[in-house]
Engineer: 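For reference, the structure I am asking about is given below.
Remember, it's a predicted structure, so these values are computed and weren't measured experimentally.
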Amino acid sequence: MLPDDPDWRIAARHAIENVPLGPRTEHKGRVEEISDGVAMISGLRDVRLDEVLRFQGGQIGFARVLDPDLIGCVLLDAATEIEAGDAVFGTGEIIQVPVGDALLGRIVDPLGRPLDDKDELSTTERMPIERPAPSIIERDLVTEPVQTGMLVVDTLFALGRGQRELIVGDHSTGKTTLAIDAMIAQHASDMICIYVAVGQKTSSVRRAIDALQSEGAFERCIVLVAGSASAPGLQWIAPYAGMTMAEYFRDQGKHALVVIDDLSKHAATHREIALLTRQSPGREAYPGDVFYIHARLLERAAKLSKDLGGGSLTALPIAETDAGNLSAFIPTNLISITDGQIVLDSALFHQGQKPAVDVGLSVSRVGGKTQAPILREAAGSLRLDYAQFLELEVFTRFGGMPEGRVRQQLTRGARIREALKQSQHSPFRLVDEVALLIAVQSGLLDPLPVSAVTAFRERLPAILDSDAAESVRVISETGNLDEAARAMLIAAMTGLASSLSAIKNDTSHDIVSHNPERTGEKA
């Protein structure tokens, strides 16, 4: 017996009126075989490439290979409940991800599903993961700097908004740390940061998230996770989903920074999917389109013209090498796609030179055009001086102690190397970098032993805030350094250097301390 309630009758009548009546077409196929996250499907003749397919149990995937008789479908969910013979339905849609401000401060998977035990995303706006890169006419010159807070990067390999800079090196050489520190340094800028973890261990992702939450502005970050335990399909779409989320802000005239960690694992996932869907392997067993999947991804990073709002999307992809082999297939591809590379060297890392940037192999093809003018002026000939020091150090490794100008160059170079070291998750402000460069270039650190340079570098920010507060304010607000502010900085640093000059050390050891052959240390 139905309840005698007028409200109930009104609601029931309204529900019936909204039921769509009439014939409905369905594109239906069935699973022929399934293994390792890939299903081969028959019966779906009208499916398009990358179309979303829905299985009878609710799982979804996307069509990756279109053969005359079979569709190769890459799953985006666990395949444990899918069996041969199950029904599969075409949706006519392509993969889309949620975008918008609701994603800020959240940890999500590549489909936008929350992974941080918070509420569902409140945004309803969605965008496809595959979008065309801006055309040449839609782009503008890359001239605005991205301050990473890393002295060695900002000074020698300056990055610009809209640039693509590859971070490449062996396993455990600080690639992720360098990228995370660049994100942390944006806590005082207007850049929105997106960290995309592809195939990473849960513990590594957790450390990155903890660093962003404790040191950075996490409320302006998005963390997109497709870990090593995720379905291969999720790992494959993760970089594209991260780019789409960043493009939403770029198209609004804002600035975004995307870190993809890392594309070597993404390429391995692409190879796995390609081999499972019976595509022909090529060089190093990678299919022939592996260059294209990364080229079309990274081309989406750009600085838009003023007519389109002037927004920018900066990409910092990460790639891993084996025994420093930059000529391997994937690193070679990425180097040719990007606007430069920051190469991390395992030997420097184990010697304690962190960040372990190889200044000889690293390059930024935009470089000084994006460097802050005050930083470019303070750096002067630093890169040339440091390169000459590294060459001289090799030549003097087995000889006697040099004298005169060569000894002075070695002394200055040892202090430059020490100044370029930096603790993790401690990015410098622009004023700290300028002051440290002035101290190095003016010879203020030359009388100090190398061990005192570390203390000088670590104490410098606090000394500047207390003894040169006006200079800090001027540089922070205007980005310029006048003579009065420069004199105040030098006075503050001179006092700090005097307080550290009592540290005793052997100057000859300073010069050859990084030469294992001379000191008997292990390389």
Side-chain angles (χ1 to χ4, degrees), residues 26-55 58-79 82 87-99 108-113 125-134 196 198-199 224 226 230-248 258 260 263 265-280 286-300:
E26 277 187 345
H27 297 285
K28 182 178 179 181
R30 72 187 190 99
V31 177
E32 295 294 335
E33 58 180 279
I34 182 168
S35 62
D36 299 316
V38 174
M40 305 306 291
I41 300 168
S42 64
L44 292 174
R45 295 186 176 275
D46 297 328
V47 166
R48 299 176 298 170
L49 186 66
D50 291 337
E51 180 178 335
V52 175
L53 306 180
R54 188 172 301 278
F55 293 79
Q59 302 89 345
I60 61 173
F62 63 96
R64 185 63 192 150
V65 176
L66 305 181
D67 288 336
D69 300 321
L70 291 176
I71 304 298
C73 175
V74 180
L75 298 177
L76 297 174
D77 290 308
I82 300 177
V88 187
F89 303 92
T91 64
E93 302 175 352
I94 59 174
I95 303 175
Q96 297 185 337
V97 293
V99 295
V108 297
D109 75 354
L111 294 176
R113 298 175 294 201
E125 189 170 358
R126 304 178 73 84
M127 292 169 58
I129 64 169
E130 294 274 10
R131 303 183 70 215
V196 181
V198 182
L224 193 153
S230 301
L234 285 180
Q235 297 182 45
W236 194 90
I237 69 170
Y240 301 95
M243 278 290 185
T244 295
M245 294 175 184
E247 283 174 334
Y248 170 83
V258 176
I260 305 174
L263 287 182
K265 291 183 174 61
H266 182 255
T269 299
H270 181 66
R271 174 171 58 187
E272 175 188 345
I273 292 173
L275 295 177
L276 287 171
T277 52
R278 301 167 189 172
Q279 296 183 52
S280 299
Y286 288 103
D289 64 342
V290 70
F291 180 92
Y292 174 60
I293 69 168
H294 289 157
R296 75 172 188 258
L297 169 71
L298 296 176
E299 279 296 319
R300 294 163 67 178

Engineer: Working to the nearest 0.5 angstrom, can you tell me the gap between L53 CG and F89 CZ?
Structural biologist: 11.5 Å
Engineer: Heavy atoms only: give me the nearest G61-F55 pair and the separation to one decimal.
Structural biologist: N-CE1, 4.3 Å
Engineer: Looking at side-chain heavy atoms only, is the closest gap between V31 and V88 below 4.5 Å?
Structural biologist: yes
Engineer: Please tell me if the side chains of V65 and V38 come closer than 4.5 Å, counting only heavy atoms from C-beta onward.
Structural biologist: no
Engineer: Would you list the atom pairs, donor with acceptor, under 3.5 Å between side chains in residues 90-98 and any protein atom, with sequence neighbours excluded?
Structural biologist:
{"from": "T91", "atom 1": "OG1", "to": "V52", "atom 2": "O", "distance (Å)": "2.6"}
{"from": "T91", "atom 1": "OG1", "to": "E93", "atom 2": "N", "distance (Å)": "3.3"}

Engineer: Would you check if R296 and E130 make a side-chain contact, meaning some heavy-atom pair closer than 4.5 Å?
Structural biologist: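 Yes, their side chains come closer than 4.5 Å.
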Engineer: Working to the nearest 0.5 angstrom, can you tell me the gap between L75 CG and I82 CD1?
Structural biologist: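 The CD1 atom of I82 is 4.5 Å from CG of L75, to the nearest 0.5 Å.
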Engineer: Which residues pass the salt bridge (charged side-chain N to carboxylate O under 4.0 Å, His left out) test with E125, sequence neighbours left out?
Structural biologist: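 Salt bridge (charged side-chain N to carboxylate O under 4.0 Å, His left out) list for E125, sorted by chain: empty.
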Engineer: Is the shortest side-chain heavy-atom distance between D36 and P232 below 4.5 Å?
Structural biologist: no
Engineer: Measure across S35 and L276 and return the closest heavy-atom pair with its distance rounded to 0.1 Å.
Structural biologist: O-CD1, 4.5 Å
Engineer: Do you know the tightest heavy-atom contact between I129 and A241?
Structural biologist: CG2-CA, 4.0 Å
Engineer: More than 12 heavy atoms of other residues, nucleotides or ligands under 6.0 Å from CZ of R45: is that the case?
Structural biologist: no
Engineer: Among all residues two or more places apart in sequence or in another chain, which pass the salt bridge (charged side-chain N to carboxylate O under 4.0 Å, His left out) test with R64?
Structural biologist: D50, D289
Engineer: Identify all side-chain donor-acceptor contacts of residues 66-74 below 3.5 Å with residues at least two apart in sequence or on another chain.
Structural biologist:
none

Engineer: Could you pull out the closest heavy-atom pair between I293 and V290, with the gap in Å?
Structural biologist: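 For I293 and V290, the tightest heavy-atom pair comes out as CG1-O, 3.1 Å.
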Engineer: Do you know the tightest heavy-atom contact between D77 and A231?
Structural biologist: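 Smallest heavy-atom distance, with atoms named: O-CB, 4.2 Å.
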Engineer: Can you give me the closest heavy-atom contact between V258 and G242, atom names plus distance?
Structural biologist: CG2-O, 4.4 Å
Engineer: Is there a side-chain contact between H266 and L297, using heavy atoms and a 4.5 Å cut-off?
Structural biologist: no
Engineer: Taking only residues two or more places apart in sequence, or in another chain, which ones meet R126 in a side-chain hydrogen bond (donor to acceptor under 3.5 Å, both in side chains)?
Structural biologist: none
Engineer: Tell me the side-chain hydrogen bond (donor to acceptor under 3.5 Å, both in side chains) pairs involving residues 230-244, sequence neighbours left out?
Structural biologist: Q235-T269, W236-H270, T244-R300
Engineer: For Y286, is the NZ or CZ atom of R271 found under 6.0 angstrom from the centre of its six-membered ring and inside 45 degrees of the ring axis?
Structural biologist: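 Flagged: R271 positioned over aromatic ring of Y286.
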Engineer: What is the distance from atom CD of E32 to atom CD1 of I41, rounded to the nearest 0.5 Å?
Structural biologist: 9.5 Å
